[in-house]
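Have a look at the structure below before the remarks.
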Number of protein chains: 2
Amino acid sequence: MTRATPPAKPPGRPRAGIDAVVFAATLRTVHELGYTGATMDRIAAAAGVAKTTIYRRWESKGALIVDCILDAFGPLRPESTDRVEILTSAIRLAAAKIGEPGLAAAFAGVFVDAISDPALREVLSTRLQAPYLAALQDALGEPEHRVLLFIDVVVGTLLHRMGMTGAPMVDADVDALTEMVLRQFTASDDPA
Amino acid sequence: MTRATPPAKPPGRPRAGIDAVVFAATLRTVHELGYTGATMDRIAAAAGVAKTTIYRRWESKGALIVDCILDAFGPLRPESTDRVEILTSAIRLAAAKIGEPGLAAAFAGVFVDAISDPALREVLSTRLQAPYLAALQDALGEPEHRVLLFIDVVVGTLLHRMGMTGAPMVDADVDALTEMVLRQFTASDDPA
DNA sequence: GAGTTACGCTACGATCAGTATCGATACCAG
DNA sequence: CTGGTATCGATACTGATCGTAGCGTAACTC
């Protein structure tokens, strides 16, 4: 493994390690006030950091939220070759993460903003959607449109539930969702 | 049937019938610019109506959008007693409507705003969610939590697809979704 | 100590939701 | 035709928010 970061230190005052604090403050604020109510001033205040400092690292509120979601989800690394297990663990991971306070609201908010903001759409697509799609497609060996439908069903359902009720989906419903999805995605080959 | 609207005309200048024009302009603007980009000034201009006139009828942007969605969906009236047919037609209706230009973005936008705006949450819940839930529950004779999961899966999936791609779900995927949902919701009784 | 860069702070420009006000307009009752 | 009433359009305004500019200070390297 070659060193990815050459030790050449840049001159000047080094950046303070504020990412973790800002991410936590962001999720906390979004959880309490919703995406719209979570203003950059409030997030900065909650993090104990100047707003200008945040804007030096993230180009917009949407970009901050996307990074926040990425940080919360973490890398997706399928550990199995068993299709049932891959699908099941992906659903459980999604359910657990989307159920975390603030994450669903953050997700939905950045989603809506991306519709009218091409730059944010690009960030969302490149950093969030593409990697997870590729990882799943790679693990499952399925055609893209099947994996896309899988993602739509799982993430869409979980987000809709959180948006409707404000509470995470109960385990019984997650089980039902899993059962339903498994029947569809472990059945015979793609009929289309 | 007794007359619901007694003919007592209120004094003063009658209101102009602008609802249809405003709804059309709203959906058109949301389709072109997204929920965030569809400002009330732009919607009013597109409708050829003063912004103040819109605010005389709808208490907020969110309330206007909710009415707009209601108008687009229309009343839900299950015409069959066959469970498969009820579910199938409900999914097709949802897919067709959510695929209409602007509707998905309007839906998602009002959803996000409702999280931080209790008044809007109330409007959304009372006028949109409750009626459709009741109608479906009545037609299917299923426990509430099953119908809620059905709605989450169908609407959530369709909205997520529209948000991701900006284009309506293709028929083949709607068929796959229908097939998957039918297997789950026409199976043996609620296992929970 | 000189150079460079990050930080916090304050102020600012632009945009948008929603309100206030005012003259003009349309309808009804007498 | 006249008075009363409520709507319409237009303009101006308030307050909140995103994002930026400028400045003095702090931290780190050479």
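Each chain gets a letter, A, B and so on, in the order its sequence line appears, and its residues count up from 1. Please read all numbers here as calculations on a predicted model, not as lab measurements.
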Quiz item: Taking OP1 and OP2 of D/dT17, is either one under 4.0 Å from a side-chain nitrogen or oxygen of A/Arg42?
Solution: yes
Which nucleotide in the list [options] gets nearest to the side chain of [X]?
| X | options | result |
| --- | --- | --- |
| A/Arg57 | D/dT7, C/dA6, C/dG8 | C/dA6 |
| A/Thr52 | D/dG19, C/dT10, C/dC7 | C/dT10 |
| B/Arg56 | C/dA17, D/dA10, C/dC7 | D/dA10 |
| A/Thr39 | D/dG19, C/dA17, D/dT17 | D/dT17 |
| A/Arg13 | D/dA26, D/dG9, C/dA17 | D/dA26 |
| B/Pro14 | C/dA26, C/dC7, C/dC16 | C/dA26 |

Atom pair distance, as rounded to whole Å: [atom1] in [X] and [atom2] in [N]:
| X | N | atom1 | atom2 | value |
| --- | --- | --- | --- | --- |
| A/Lys51 | D/dA16 | NZ | C1' | 11 Å |
| A/Asp41 | D/dT17 | CG | P | 8 Å |
| B/Lys61 | C/dA17 | NZ | P | 5 Å |
| A/Tyr55 | D/dG22 | OH | P | 18 Å |
| A/Ile54 | D/dT20 | CD1 | P | 13 Å |

Practice problem: Look up atom CG in A/Asp19 and atom CG in A/Asp71, then write down how far apart they are to the nearest 0.5 Å. | Solution: 8.0 Å
Quiz item: When rounded to the nearest 0.5 angstrom, what distance separates CD in A/Gln137 from CD in A/Glu144?
Solution: 5.5 Å
Self-check item: Donor-acceptor contact below 3.5 Å, side chain B/Ser125 vs main chain B/Arg121
Solution: no
Practice problem: Would you mind reporting whether B/Phe73 and B/Ile98 have side-chain heavy atoms less than 4.5 Å apart? | Solution: yes
